[in-house]
Every structure is written in structure tokens, then in C-alpha cells.
Asker: 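My questions all concern the structure below.
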Amino acid sequence: MQSAGGAPYRERVARILRAVPPVSEPVIGPAELARRAGLDERDVPRAEAAMAVLGVLGVLELRTSGQGEPLFRAATPIAHGCIRSLAAHLDQGMEVFLNWGRVEAGADSSAGGSAVLSGPRLLFAMESRRFAETGTSASPLAAAEIAQVVIKEGAAPGGESRYLVQYDARSRQYQLIGGHRRPDDGTIEHTVIRELEEELTDFSFHQDSDTVTELQRFERLAVSRTSGVLTHYRIVIFHLRTRRERIVLGPADRWVSERELNSGRADDGRRILFSALTDLAGGLAGLEPAVPAVPAVPAVPAVPVGTGPSRWGLVRRHPWEAMGLVLGLLGLAVSILQLL
């Protein structure tokens, strides 16, 4: 839906919003904000009004100079993303909220007020709808280069191969081992090796026993479930080969089947973030396993409570006899102490 207001007005306010400094930069005042936005001193009151509204939303860190001038910058990186998202909505003539009719007020009370007022969730919803309505023409607010690695476990007799994923609590989903390329990563290969060592338990990459091979590169637009903004991703998928007998799993790690991986949903109901390897000949099934299948350990039959030679079971069945034994031992101990 298109927002009200003339295009020149929206354009000036959008420029003001984009000029708000991130949390990594010093705070500035309204006059400096208008200057950075390419506006003149006549627009300073407009900048002050825009900052007042952002202050109500809680996305600004507000200070006051020694001369009483208001100073501000984005409160957090996610808050900065929210401000930039609002600017993009203005650029595209879009509204953030729809249907302010009283008939639906509080209709979804099961979500809870704290969930509705969560800043990151609000930003994710804003950006998701902006992307849904404008598609690939939507301007991304961030860019990221990602390295991920496929780690395959061989199939057990009568079973199927499995693939290692790790649960990310921040994005609330499983994903392949990997992560963002950092400025000090020399190459994307350095990124994937670093991520293997950081995310896997007791894993140190050795050139003589471990190999990572690039499988596919692709790009995609998606709303980040971590930062909440529409992001342009450059993703490189690698394949790990190793001479290790096994991969040590941490509490967030899980082996999943190819069916789960391709469906995007694990058997425990959680989402799996995975992009199909369309350029891989033979698909995942053609990949060499990184480690052999772990033999299944036979289950040990549980002993029903009270049927084994449990000391506590005897106490529960004969409480008075147990109490008499304890008192007798205490009396014996006192008698021995008196003889010393």
C-alpha cells in the first residue's frame, strides 16, 4: 500500500533517516544531520521532528550537549537497520502498518504484548512485507558473504546417509556449519576453515588429513533472521573430506537425512536453512562421505524402580528399620568418643 504525503517530502525525510549515524560513529545534532542529508538549515526543524518520532520508537541513543543541543545516533545495529528500513519504505511509498480498525485490536492476544513490541521482530516483519510486495526490485540494506560446508556421514547398513547441521538460537533454525566472512579472512576458504574450528567440538583443521572443496556459488536476496533487514547474500558451499573416524557433536549439532535437508524441516519440527545444490552433478547422494556411519549402540533395558538392589529402595520399603539403624550407629559413635 502506498503511503500518504508528496514525493518531495518523503524523499527529504528518507534522506534524513539515512543520515542517522550508526552506533559505531559519534553522536550528532539536528543541524549536522540536515547537512549530512544534503539539506539546508531550513530543514533542521524537519530533522528534529523526525528524530523525536524515532526517539519514541526507541531506536535512538539520545544525549544532550553542554549547550543543551540534542545529540543522537542509532541505539544498536538492529536499530540502525530499522531506521534504514523506514527510509526504504518512504522511498518506495510504502506504509509500515496496515488496517488500524478497532475491530482487530488485540485479536491475536496469544502472541503476547512483549512479542508484538519486540524491536527485532517488528523490523523483520517490516522488511519481510517490503520484500514480498516489491520482490527483487527491493533495495537490500546489507550485504554478506557466507561460507557453508556439507559434512556427510556414510549410510549404515539398511540406512541412509546423513548430513550435519547446527541449531542457531538467534535465527531459530538449523543450518550447515559455516558463517560470515570476516574482514581479516584472506579468502572464503579461510572463512570456512575458521568456522569449522570455531563451531565443531575438538576440531582443528589439518592440511594432511582434511580437505575442503568448493561445490557451488550463488547469490540470493533474503531477510536476515538475525539482523532483520533485507540482505544480499553471496554464498559459497564447500564439501569436507577428512580421514577422521568421527565428528564430535556439540549440544546444538544434529545429523539429518537428505529428505529433511531438502524439505527445509527437521523431524523435530524446526526449520532448516538450506539451498539446494542445483549445479552439483549427482546431487548430495553423489558426494563422498566425510566420516563413516556410527554403529548403533544397543539400548540397555531399564531396571524398574524398586526392583533392583537399590539402597534407597530398601530405605523406602523399611523406613522404621532404617531409622533404627541410623540411631544405633549414632549411639555407637558417641560411646566410642567417650572412651577416647
Asker: Answer yes or no on whether R244 is positioned over the face of F203, meaning its NZ or CZ is under 6.0 Å from the six-membered ring centre and within 45° of the axis.
Answerer: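 Yes, cation above the ring, under 6.0 Å and within 45°.
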Asker: Is R225 reaching over with its side chain to a backbone N or O of F124, donor-acceptor style, under 3.5 angstrom?
Answerer: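 Such a contact is absent between R225 side chain and F124 backbone.
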Asker: Could you check whether any side-chain heavy atom of P8 comes within less than 4.5 Å of a side-chain heavy atom of R10, counting everything from C-beta outward?
Answerer: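 Result no, sub-4.5 Å side-chain heavy-atom pair not found.
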Asker: Which heavy atom of V44 sits nearest a heavy atom of A34, and at what distance?
Answerer: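 Here V44 and A34 meet closest at CG2-CB, 4.2 Å.
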Asker: Spell out, yes or no, whether V27 and L33 are grouped together once hydrophobic residues are joined by side-chain heavy atoms under 4.5 Å, including indirect joins.
Answerer: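 No, V27 and L33 fall in different hydrophobic clusters.
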Asker: Atom CD in E258, atom CG in L284: separation rounded to 0.5 Å?
Answerer: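 Atom-to-atom, E258:CD and L284:CG are 4.5 Å apart.
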Asker: Using every non-hydrogen atom in the two residues, find where C82 and L123 come nearest and quote the distance to one decimal.
Answerer: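 That closest heavy-atom pairing would be CA-CD1, 3.4 Å.
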Asker: In the single-linkage hydrophobic clustering (I, L, V, M, F, W, Y; side-chain heavy atoms under 4.5 Å), do V23 and I83 co-cluster?
Answerer: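 No; tracing contacts between hydrophobic side chains, which count when under 4.5 Å, never links both residues.
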Asker: Could you go through the side-chain contact (heavy atoms from CB on, under 4.5 Å) check for L60 and V20 one step at a time?
Answerer: CA-CA 9 Å; L60 289 182; V20 174; 3.9 Å; yes
Asker: With salt bridge (Lys or Arg N to Asp or Glu O under 4.0 Å) as the criterion, how do D43 and R46 come out once you've worked through the C-alpha distance, each side chain's angles and the decisive distance to 0.1 Å?
Answerer: CA-CA 5 Å; D43 290 294; R46 181 178 286 114; 2.2 Å; yes
Asker: For the pair H89 and E95, evaluate side chain to side chain donor-acceptor pair (under 3.5 Å) and give the outcome as yes or no after the intermediate values.
Answerer: CA-CA 7 Å; H89 278 73; E95 295 177 349; over 6 Å; no
Asker: Using the salt bridge (Lys or Arg N to Asp or Glu O under 4.0 Å) rule, take R18 and D91 through it: C-alpha gap first, then chi angles, then the decisive distance, then the call.
Answerer: CA-CA 11 Å; R18 281 194 295 271; D91 284 336; 2.5 Å; yes
Asker: Please check this pair: side chain of T134 against backbone of S137, looking for a donor-acceptor N/O pair closer than 3.5 Å.
Answerer: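 No; judged by distance alone, with no hydrogens or angles, the pair does not exist.
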Asker: Which pair of non-hydrogen atoms, one from M94 and one from R130, has the smallest distance, and what is that distance?
Answerer: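 Taking every non-hydrogen atom into account, CE-CA, 3.6 Å.
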Asker: Begin from the C-alpha positions of F274 and N262 and carry the test side-chain contact (heavy atoms from CB on, under 4.5 Å) through to its verdict.
Answerer: CA-CA 7 Å; F274 176 71; N262 288 327; 3.6 Å; yes
Asker: If I compare all heavy atoms of H80 with all of A74, which pair ends up nearest, and what's the gap?
Answerer: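 H80 and A74 have their closest heavy atoms at CB-CB, 3.6 Å.
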Asker: If I take atom CD1 from residue I177 and atom CD from residue Q166, how far apart are they, to the nearest 0.5 angstrom?
Answerer: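 I177 atom CD1 to Q166 atom CD measures 4.0 Å (nearest 0.5 Å).
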Asker: Is any side-chain heavy atom of E288 closer than 4.5 Å to one of H239?
Answerer: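 A side-chain contact exists here, since the closest heavy-atom pair is under 4.5 Å.
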Asker: Report yes if the side chains of V212 and D210 come closer than 4.5 Å at any heavy-atom pair, otherwise no.
Answerer: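 They are not in side-chain contact.
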Asker: Taking the side chain as every heavy atom from C-beta outward, state whether V150 and L240 have any pair of such atoms under 4.5 Å apart.
Answerer: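 A side-chain contact under 4.5 Å is absent here.
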Asker: How far apart are the C-alpha atoms of R172 and R271, what are their side-chain angles, what is the distance that settles it, and do they pass the side-chain contact (heavy atoms from CB on, under 4.5 Å) test?
Answerer: CA-CA 8 Å; R172 302 181 300 281; R271 184 174 182 266; over 6 Å; no
Asker: S257 and E260: side-chain donor and acceptor closer than 3.5 Å?
Answerer: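 Side-chain D/A pair, S257 to E260: present.
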Asker: CD/Q148 to CD1/I235 distance, rounded to the nearest 0.5 angstrom?
Answerer: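 Rounded to the nearest 0.5 Å, the CD-CD1 separation comes out at 6.0 Å.
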Asker: So for atom CD, which belongs to E198, do other residues, nucleotides or ligands contribute more than 12 heavy atoms lying within a distance under 6.0 Å?
Answerer: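 Yes.
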Asker: I want to check something: taking the side chain as every heavy atom from C-beta on, are I146 and R234 in contact at a cut-off of under 4.5 Å?
Answerer: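 Of all side-chain heavy-atom pairs linking R234 with I146, none is under 4.5 Å.
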Asker: Holding to side chain to side chain contact (heavy atoms under 4.5 Å, CB included), I want the full list of residues that pass it with E214, two or more places apart in sequence or in another chain.
Answerer: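 E189, R217, V236, F238.
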Asker: Hydrogens and angles aside, do E145 and H180 bring a side-chain donor and acceptor to less than 3.5 Å of each other?
Answerer: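 Looking only at side-chain atoms, H180 and E145 do not form any donor-acceptor pair under 3.5 Å.
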Asker: Quick one about R241 and T213 (side-chain donor to acceptor, distance below 3.5 Å, no hydrogens or angles considered), yes or no?
Answerer: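 Checked: T213/R241 side chains pair up, N/O donor to acceptor below 3.5 Å.
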Asker: Strictly distance-based, threshold 3.5 Å: is any side-chain N or O of S224 a donor or acceptor partner for the main-chain N or O of T226?
Answerer: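 The answer is yes, because a donor-acceptor pair under 3.5 Å joins these two groups.
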Asker: Without swapping roles, check the side chain of E41 against the backbone of A31 for a donor-acceptor pair under 3.5 Å.
Answerer: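 No; judged by distance alone, with no hydrogens or angles, the pair does not exist.
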Asker: May I ask you to decide if V96's main-chain N or O and R129's side chain share a donor-acceptor pair within less than 3.5 Å?
Answerer: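 Yes, the answer is positive, given that a donor and an acceptor are paired below the 3.5 Å cut-off.
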Asker: Who passes salt bridge (charged side-chain N to carboxylate O under 4.0 Å, His left out) against E32, sequence neighbours left out?
Answerer: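 In terms of salt bridge (charged side-chain N to carboxylate O under 4.0 Å, His left out), with neighbours along the sequence ignored, E32 is linked to R35, R36.
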Asker: For the pair E127 (side chain) and L230 (backbone), establish whether a donor and an acceptor sit closer than 3.5 Å, ignoring hydrogens and angles.
Answerer: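 Flag set: sc E127 to bb L230 pair under 3.5 Å.
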Asker: Assess, by modelled atom type and distance only, whether the side chains of D268 and Y167 contain a donor and an acceptor separated by less than 3.5 Å.
Answerer: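 Distance-only check fails for D268 and Y167.
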Asker: If Ile, Leu, Val, Met, Phe, Trp and Tyr residues are connected whenever their side-chain heavy atoms lie under 4.5 Å apart, and connections chain through other members, are V149 and L249 in the same group?
Answerer: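 Yes, V149 connects to L249 through the hydrophobic network.
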Asker: Take V165 and Q175, measure what side-chain contact (heavy atoms from CB on, under 4.5 Å) needs, and give me the verdict at the end.
Answerer: CA-CA 5 Å; V165 294; Q175 52 200 26; over 6 Å; no
Asker: Quick one: does any side-chain atom of R15 pair with a main-chain N or O of A37 as donor and acceptor, under 3.5 Å?
Answerer: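 Present.
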Asker: Flag yes if V223 and L141 sit in one hydrophobic cluster, no otherwise; membership is Ile, Leu, Val, Met, Phe, Trp, Tyr, and two members link when side-chain heavy atoms are under 4.5 Å apart.
Answerer: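 As far as the 4.5 Å side-chain criterion goes, L141 and V223 are not connected within one cluster.
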Asker: Measuring from atom CZ of R265 to atom OG of S263, what distance do you get when rounded to the nearest 0.5 angstrom?
Answerer: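 If we round to the nearest 0.5 Å, R265:CZ and S263:OG are 8.0 Å apart.
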Asker: Looking at R42 and D40, does any basic side-chain N land under 4.0 Å from a carboxylate oxygen?
Answerer: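 The answer is yes: the pair qualifies as a salt bridge.
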Asker: What I'd like to find out is whether the side chain of R270 reaches to under 4.5 Å of the side chain of V256, using heavy atoms alone.
Answerer: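 A side-chain contact under 4.5 Å is absent here.
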Asker: Could you tell me the separation between the CG atom of L86 and the CG atom of L54, rounded to the nearest 0.5 Å?
Answerer: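 Here the rounded value is 6.5 Å.
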Asker: Hydrophobic cluster membership, with links at side-chain heavy-atom distances under 4.5 Å among I/L/V/M/F/W/Y: are L215 and L261 in one?
Answerer: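 Per the 4.5 Å side-chain linkage, L215 and L261 are co-clustered.
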Asker: Taking the side chain as C-beta and beyond, is there a heavy-atom pair between S139 and R84 under 4.5 Å?
Answerer: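 Counting from C-beta outward, S139 and R84 never come under 4.5 Å.
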Asker: May I ask you to decide whether R63 forms a salt bridge with E61, counting only side-chain N to carboxylate O separations under 4.0 Å?
Answerer: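 Salt bridge: yes.
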Asker: Drop me the distance from D185's CG to R194's CZ, to the nearest 0.5 angstrom.
Answerer: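 Spacing of CG (D185) from CZ (R194) equals 4.0 Å.
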Asker: Please give me the minimum heavy-atom distance between T64 and L71, naming the atom from each residue.
Answerer: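 It is C-CD1, 4.4 Å.
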Asker: Give a yes or no answer on whether the side chain of K152 reaches the backbone of A285 with a donor-acceptor pair at less than 3.5 Å.
Answerer: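 Confirmed, K152 side chain pairs with A285 backbone.
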Asker: Considering all heavy atoms of both residues, which atom of E245 and which atom of V291 are nearest to each other, and what is their separation?
Answerer: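 Distance-wise, the nearest heavy atoms are O-CB, 4.0 Å.
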Asker: Side-chain contact test, heavy atoms from C-beta onward, threshold under 4.5 Å: evaluate it for P30 versus P70 and give yes or no.
Answerer: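 With C-beta onward as the side chain, the pair touches.
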